[in-house]
Amino acid sequence: MSLLKIRNLTVEFDTAQGAFRAVDGIDVEVSGREVLAIVGESGSGKSVSMLAVMGLLPPTATITADEITYDGRDMLKMSGRERRQIIGKEISMIFQEPISSLNPSFTCGYQVEEVLTRHLGLKGKHARKRALELFEQVGIPDPERRLNSYPHQLSGGQCQRVMIAMAIACKPRLLI
């Protein structure tokens, strides 16, 4: 059985000039432990396709598909609550722009701990310990100090590593 199956995905955005079709009928199938690379030029719809699967597109987007299933579950029929239980825990995504994806008002450690608390129920020193392990795992220098750093205090590469730590925090079955 496929871990992720997408059939005939189309994404359109409402604009002042009418509908703009960003994705036009793509099919994707990924099994467990499989690596799939989606390649294409800038603006070809790679990110928009995956943001559609994650449910992270703005209300101006219209998403249609014959099928989007994760582990045999129909994502098109899931409630927002059901989807939120899966996204971030079982399906995770490493975003391209870490500076705009991280919240500047919170420390990087807090943001990773928040994922651990929400999805795994870790709290306090247990969440802090796991966040430190994740920072070490992704190669953030001086990880203990960096837990208390805000995104603007880190380099772009370090922020990207924070995003990777956040994405792998719950050991997702599908990493986008």
Side-chain angles (χ1 to χ4, degrees), residues 1-80 82-104 108 111-112 114-115 118-119 134 137-140 151-152 154-176:
M1 178 193 318
S2 298
L3 190 57
L4 178 67
K5 190 173 188 178
I6 303 169
R7 293 285 171 250
N8 197 29
L9 174 68
T10 300
V11 180
E12 293 183 341
F13 292 93
D14 294 331
T15 71
Q17 292 78 33
F20 170 75
R21 185 167 284 187
V23 177
D24 190 10
I26 70 157
D27 297 335
V28 174
E29 194 164 344
V30 181
S31 297
R33 300 195 153 284
E34 183 178 17
V35 174
L36 172 69
I38 301 173
V39 295
E41 61 187 58
S42 180
S44 64
K46 302 177 301 289
S47 295
V48 169
S49 298
M50 295 303 104
L51 289 169
V53 170
M54 298 288 286
L56 297 175
L57 290 176
T60 57
T62 301
I63 303 162
T64 58
D66 294 340
E67 177 182 18
I68 301 178
T69 57
Y70 167 73
D71 198 23
R73 294 177 273 179
D74 188 343
M75 294 186 75
L76 296 170
K77 293 182 179 172
M78 283 183 186
S79 68
E82 290 171 313
R83 189 179 275 260
R84 283 189 299 277
Q85 289 175 337
I86 293 171
I87 302 300
K89 182 177 181 184
E90 294 182 43
I91 302 173
S92 194
M93 185 169 181
I94 301 169
F95 295 93
Q96 293 178 357
E97 299 293 332
I99 298 297
S100 60
S101 299
L102 292 168
N103 188 326
C108 294
Q111 292 180 66
V112 174
E114 184 179 35
V115 171
R118 177 175 173 79
H119 293 294
L134 287 162
Q137 185 178 348
V138 299
I140 294 176
H152 72 274
L154 302 181
S155 70
Q158 289 172 331
C159 285
Q160 187 66 56
R161 289 172 188 254
V162 171
M163 294 301 299
I164 293 168
M166 201 177 301
I168 66 172
C170 298
K171 300 179 182 173
R173 293 184 63 208
L174 179 63
L175 180 61
I176 299 172

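All values reported here derive from a predicted model rather than from experimental measurement.
- A22 and V48 get closest at one heavy-atom pair: CB-CG1, 4.2 Å.
- A distance of 4.0 Å separates CD1 in I168 from CD in Q137, rounded to the nearest 0.5 Å.
- With values rounded to the nearest 0.5 angstrom, K46 atom NZ is found 9.5 Å from I38 atom CD1.
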Evaluation steps, side-chain contact (heavy atoms from CB on, under 4.5 Å), between V115 and C170: CA-CA 8 Å; V115 171; C170 298; 3.8 Å; yes
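- Taking each heavy atom of M50 and M93 in turn, the nearest pair found is CB-CE, 4.0 Å.
- Interatomic distance, CG of L154 versus CD of Q160, reported as 12.0 Å (0.5 Å rounding).
- Residues D71 and R173 share a closest heavy-atom pair of OD2-NH1, 2.9 Å.
- Judged as a side-chain hydrogen bond (donor to acceptor under 3.5 Å, both in side chains), the pairs with a partner in residues 89-98 (not counting sequence neighbours) are, in order, S47-Q96, Y70-E90, R73-E90.
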Steps toward side-chain contact (heavy atoms from CB on, under 4.5 Å) verdict (I91, M75): CA-CA 12 Å; I91 302 173; M75 294 186 75; 4.1 Å; yes
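- Minimum heavy-atom separation, I164 to V138: CG2-CG1, 3.8 Å.
- In this structure, the side chains of V11 and L51 stay at 4.5 Å or more apart for every pair of heavy atoms.
- You'll find the side chain of S100 stays beyond 4.5 Å of the side chain of F95, heavy atoms only.
- Summarising the geometry, atom OG belonging to S79 is positioned 7.0 Å from atom CZ belonging to R84; distances are rounded to the nearest 0.5 Å.
- When side chains are defined from C-beta on, V162 does not count as touching P151, because their heavy atoms never get closer than 4.5 Å.
- Residues L76 and A65 approach most closely at CD1-O, 3.6 Å, considering heavy atoms.
- Within the 4.5 Å cutoff, the side chain of L134 has no heavy atoms near those of the M166 side chain.
- For T15, the side chain to side chain contact (heavy atoms under 4.5 Å, CB included) test picks out Q17, F20, with sequence neighbours left out.
- Between V23 and T10 the shortest side-chain heavy-atom distance does not fall below 4.5 Å.
- Every side chain to side chain contact (heavy atoms under 4.5 Å, CB included) that R7 has, sequence neighbours left out, goes to K5, D27, E29, D66, E67.
- The CD1 atom of I87 sits 4.5 Å away from atom CE of M54, with the distance rounded to the nearest 0.5 Å.
- One finds the CE atom of M163 at 10.0 Å from the CD1 atom of I99 (value rounded to the nearest 0.5 Å).
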